[in-house]
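Report on the following structure.
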Protein chains: 2
Amino acid sequence: MPIDWNVRGGGDVVSATREDKKTATRARIAKAGLELFVERGYDATTVDEIAEAAGIARRTFFYYFKTKDEVLLAWHGAGAVSSGLVSAMLRQSTEQAPFDAGKACIIDLAARYETEESKAMDALMRSSASLRARKDATEVQLESDMADAMVMMWPDPARRAELRMASMIAVGVLRLSLEEWRGDDSANTLTATLERHFSDLERHILRT
Amino acid sequence: MPIDWNVRGGGDVVSATREDKKTATRARIAKAGLELFVERGYDATTVDEIAEAAGIARRTFFYYFKTKDEVLLAWHGAGAVSSGLVSAMLRQSTEQAPFDAGKACIIDLAARYETEESKAMDALMRSSASLRARKDATEVQLESDMADAMVMMWPDPARRAELRMASMIAVGVLRLSLEEWRGDDSANTLTATLERHFSDLERHILRT
DNA sequence: GGCAGAATTCGCACTGAGTGCAACTTGGGG
DNA sequence: CCCCAAGTTGCACTCAGTGCGAATTCTGCC
């Protein structure tokens, strides 16, 4: 999502109000949508209802969101996580193995998932088949974002495949850990679950 | 997809014609749909057109397929691959590490992907966002199918996490290899690409 | 052969997502 | 204050998918 700053000749931002208002409206729609989804389920909520709750016309909804499921995905999902991932990766040392850097980033990012909201969103995602597919796709996206971030750190073309593999495994462990953690009533933290799975991995598969 | 044999009291199958006809109709619809998809694209093909090409009423289409994208997925995708996976897994020795068994199964299965049809289907899948999401989801499904098959081989509950991890990595390598192979004009076989990626993995990540 | 009951097919009407278009409103710059 | 562009809206339309009930086509059985 390219940022389109409203920059003009002089050097100072002429008018941010317009952008601000748009952002606020988008947020209002998202909030209304999410509340309705949680309250009555994704499928049972119509775009008309979201629009009404947000105080806009049905047509305007589609001006802000291309599709209904984008409301869910836009929440603070892929976008925020991926950008957080890139900055976390850039903070890593190139001395270590790419996989270890990926592991560190994943653990760094875990906090973003460790919220009640995140659990609620996840439950929502599981309620509809098309939604579940979209969710899986965002995880695949995260994987390729991590690979891209790694390429910035280790630009050697000969290592591309290694980087893809490392990010695949790191994100895979995140996926497994999230699944287990979410289905687990106990008070285990996600970070602890991650650590355990990473060390399992190292013990049984990596055979270091 | 549970097989529903029409078995009655006596012991012999009374009537297979009904089932046969249904199967044939389903195949006819799928064929018509696939041809239209290839010819003019997924989004540009309507259910009405598929129904007409298959010589049935629109409503009947939905009696055979729950959704339009199911025509694509039903082709010979997840179902056949997953069942092939299970039998390939059962042929493995429990003496080896689960990951090695997974690797062997993946290589065993590679032939199923190594067809022109498979490439065409893949191109179709990439043509629409919702379709791509569905495709990613089938790969996630394959991963959990492999994990389930592994559980049959190594039932020890203490090893569950290891099995999940092993199947995640094995399927991940398949995913990477498919991607590279499909985007590659040269005559490299999928099997060769797989072998190379598995050995890369062992060299750089597994550190054996 | 003919009949009762089922499985299958179909038409129809409906809901809801998403789009194209044209008109209308609003807000900021000159 | 006027102009222009951005933002907003209503309307009409296409298409996927569903519920329901009627019509048609088997299948087993007498």
Side-chain angles (χ1 to χ4, degrees), chain A residues 4-10 12-29 33 36-37 40-74 128-131 133-134, chain B residues 4-29 32-33 36-37 40-74 128-131 133-134:
Chain A
D4 190 5
W5 298 108
N6 187 11
V7 179
R8 299 284 175 76
D12 49 2
V13 176
V14 176
S15 151
T17 50
R18 217 129 169 171
E19 292 297 320
D20 288 352
K21 203 179 155 194
K22 271 192 85 167
T23 307
T25 303
R26 193 179 153 91
R28 191 152 36 83
I29 298 172
L36 286 170
F37 291 160
R40 66 181 75 168
Y42 178 80
D43 290 324
T45 304
T46 69
V47 171
D48 292 81
E49 292 167 337
I50 300 174
E52 201 195 331
I56 54 160
R58 168 193 161 72
R59 194 64 183 79
T60 308
F61 172 91
F62 288 108
Y63 176 75
Y64 281 95
F65 294 91
K66 267 218 299 270
T67 60
K68 185 171 124 179
D69 56 21
E70 205 181 295
V71 173
L72 217 39
L73 269 358
S128 140
S130 64
L131 240 30
R134 273 281 205 275
Chain B
D4 191 5
W5 298 108
N6 188 12
V7 179
R8 298 286 174 78
D12 49 1
V13 175
V14 175
S15 149
T17 50
R18 213 131 174 176
E19 293 298 319
D20 288 353
K21 205 179 154 197
K22 271 192 84 167
T23 307
T25 303
R26 193 180 154 91
R28 191 152 36 83
I29 298 172
L36 287 170
F37 291 161
R40 66 183 74 168
Y42 179 80
D43 290 324
T45 304
T46 68
V47 171
D48 292 81
E49 291 167 338
I50 300 174
E52 202 195 331
I56 53 161
R58 167 194 162 69
R59 194 65 184 81
T60 306
F61 172 91
F62 289 109
Y63 176 76
Y64 282 94
F65 293 91
K66 266 218 301 271
T67 60
K68 184 172 125 179
D69 57 20
E70 205 182 296
V71 173
L72 217 38
L73 269 358
S128 142
S130 64
L131 239 31
R134 272 281 206 275

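None of the values given here were measured: they were computed from a predicted structure. Every chain is numbered from 1 and lettered A, B, ... according to where its sequence line falls, protein lines coming before strand lines.
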Distance check needed: D:dT9 C1' versus A:E52 CD, whole Å only. 15 Å
Checking only heavy atoms, does the side chain of A:R58 share a donor-acceptor pair with the base of C:dG16 at less than 3.5 Å? no
Heavy-atom nearest pair, A:T25 first then A:I56, reads CG2-CG2, 4.4 Å
CG-CG distance between B:L73 and B:L131, expressed to the nearest 0.5 angstrom: 7.5 Å
Are any non-hydrogen side-chain atoms of A:T23 and A:R26 less than 4.5 angstrom apart? no
Between B:V47 and B:F62, is any pair of side-chain heavy atoms under 4.5 Å apart? yes
Heavy-atom pair with the smallest gap, counting every atom of B:Y63 and B:K22: OH-NZ, 3.6 Å
Interatomic distance, A:I29 CD1 vs D:dG7 C1' [rounded to whole Å]: 12 Å
List in numerical order all residues of residues 62-71 of chain B for which some heavy atom is under 4.0 Å away from an atom belonging to DNA chain C. B:Y63, B:Y64
The criterion is side chain to side chain contact (heavy atoms under 4.5 Å, CB included); which residues satisfy it with A:D43, sequence neighbours excluded? A:S128
Is the Lys NZ or Arg CZ of A:K68 less than 6.0 Å from the centre of A:F37's six-membered ring, within 45° of the axis? no
Atom pairs, N/O to N/O, protein against nucleotides 19-22 of chain D, distance under 3.5 Å?
| unit_1 | atom_1 | unit_2 | atom_2 | d |
| --- | --- | --- | --- | --- |
| D:dG19 | N7 | B:R59 | NH2 | 2.8 |
| D:dG19 | O6 | B:R59 | NE | 2.4 |

Return the residues of residues 40-51 of chain B meeting this criterion: a heavy atom under 4.0 Å from some atom of DNA chain C. Order them by number, or give none. none
Measuring from atom OG1 of B:T60 to atom CD1 of B:I29, what distance do you get when rounded to the nearest 0.5 angstrom? 7.5 Å
Would you please name every residue forming a ring pair (Phe, Tyr, Trp, His ring centres under 6.0 Å) with B:F65, sequence neighbours left out? B:F61
Whole-Å distance between D:dA16 P and B:L72 CG? 14 Å
Is the distance from OP1 or OP2 of C:dT8 to the nearest side-chain N or O of B:K22 less than 4.0 Å? yes
Kindly say whether B:L72 contributes a backbone atom to a donor-acceptor pair with the side chain of B:Y42 at under 3.5 angstrom? no
Can you check the A:L131 CG to C:dA17 P distance for me, whole Å? 13 Å
Salt bridge (Lys or Arg N to Asp or Glu O under 4.0 Å) pairs, two or more places apart, involving residues 52-61 of chain B: B:D48-B:R58
Round to a whole Å and report the spacing from NZ of B:K21 to C1' of C:dT9. 9 Å
